[in-house]
Number of protein chains: 2
Amino acid sequence: MVETKRIRVSETLDEVDRILVAGLQADSRTTNSRLANAAGIAESTCVSRVRSLISRGIVTGFTAMVDPKSIGLGLQALISVNIRAGARTHIPAFRDSIRVMPRVVQVFFLGGSEDFIIHLSARDTDDVRDFVLENLSANPAVASTRTSMVFEHFYNGVAPE
Amino acid sequence: MVETKRIRVSETLDEVDRILVAGLQADSRTTNSRLANAAGIAESTCVSRVRSLISRGIVTGFTAMVDPKSIGLGLQALISVNIRAGARTHIPAFRDSIRVMPRVVQVFFLGGSEDFIIHLSARDTDDVRDFVLENLSANPAVASTRTSMVFEHFYNGVAPE
DNA sequence: AATGAAACATAACAGGC
DNA sequence: GCCTGTTATGTTTCATT
């Protein structure tokens, strides 16, 4: 007999969890005591709540935001990439290779008229051109690319309901 | 006599700074002692180095990454927006209003054939449609929108050179 | 699950090198 | 920038509800 496993894809967050998630998103280096205070729970409870959020996969990590301009990466671009119709089987391999290319901040894998959008953070326009030529145009699976300059970029995070 | 001010837009990071930035990006909740250890510097030095990175605007904040699926936002979309040629003066106001709309994870303001790209995290397709109709199509400044579904999304962060 | 208080660990600070 | 001692702060554990 074959059993079917139901994978839980959505957890319900209670009010306390929502406060903790929001607090950690606003400042992941806030102290446990402040978090506990904001949520109106005991510090010990707060520790186990936060651990639970992590182990349930709701909070997946903690990171520092870095201003690219301040480290010599003064230019950001979005690059749309289309894969050749006959080369669609190469998409998974190409995807994995893009992810780890230097200067790649994030990658979106899309359904629709474009296959990927790459968010690049570069030194200057030459740097962008080099990236496109060496990493994209040189690949025979790539049908076309389109580069747009990013004037401004805002990141809000994922707001819990 | 008029003096020209040179604005510093780029700081050079030494090897220690690079290790600290990378360490904080990998896990912003790591302890000061571990960071110091990784960088091979004293803990007291590490504290002042990290503060300096923050005050110089290199590290702009610390955040928690949240899995949208796990909180009921099972669908992500990128929405390209074009503003009407006659309504370009409304771009700044529109930009500010987009930033704070619910479900908006990030926004890119572009030069090129598109004016904005909005990264949305939504409950389902109805949720996406509601967003587009209520927040975009309803705005007379919006000429057109194009919605692509996001199959996968990777975030690497900004790698210091 | 949540709590409070004790025990423990970490970070911040100051003074001297 | 580093070290050390000291204080302040934050975290964890555990018995209890």
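Numbered from 1 within each chain, the chains take letters A, B, ... in sequence-line order. What you see below is based on every heavy atom in this structure, not just the backbone, and it leaves out hydrogens, waters and symmetry mates.
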Length of the line joining B:E15:CD and D:dG1:P, which is rounded to integer Å: 15 Å
When the distance from CD of B:E43 to C1' of C:dA12 is rounded to whole Å, what number comes out? 11 Å
In whole Å, I'd like the distance from the CD1 atom of A:I41 to the P atom of D:dT11. 13 Å
Nearest heavy-atom approach of A:E114 to A:I117 is OE1-CD1, 4.1 Å
In whole angstroms, how far is the C1' atom of C:dA11 from the CZ atom of B:R34? 14 Å
Those residues that, when tested against B:E134, pass side-chain hydrogen bond (donor to acceptor under 3.5 Å, both in side chains) (two or more places apart): none
Between B:R49 and B:T45, a side-chain donor and acceptor under 3.5 Å: no
Would you say the side chain of A:S44 and the base of C:dG4 hold a donor-acceptor pair, judged only by whether the two atoms sit under 3.5 Å apart? yes
Please work out which of the three classes, parallel, tilted or perpendicular, describes the rings of A:H153 and B:F108, given edges at 30° and 60°. parallel
Is the charged tip of B:R103 near the ring of B:F131: under 6.0 Å from the six-membered ring centre and within 45° of its axis? no
Near DNA chain D, which residues from residues 17-33 of chain A have a heavy atom under 4.0 Å away? A:T31, A:N32, A:S33
Determine the minimum heavy-atom distance between A:V105 and A:S121, stating which atoms define it. CG2-CB, 3.4 Å
Quickly work out the A:R51 CZ to C:dA1 P distance and round it to whole Å. 15 Å
Using a heavy-atom cut-off of under 4.0 Å over every strand shown, decide if B:R49 touches base, sugar-phosphate, or nothing. sugar-phosphate
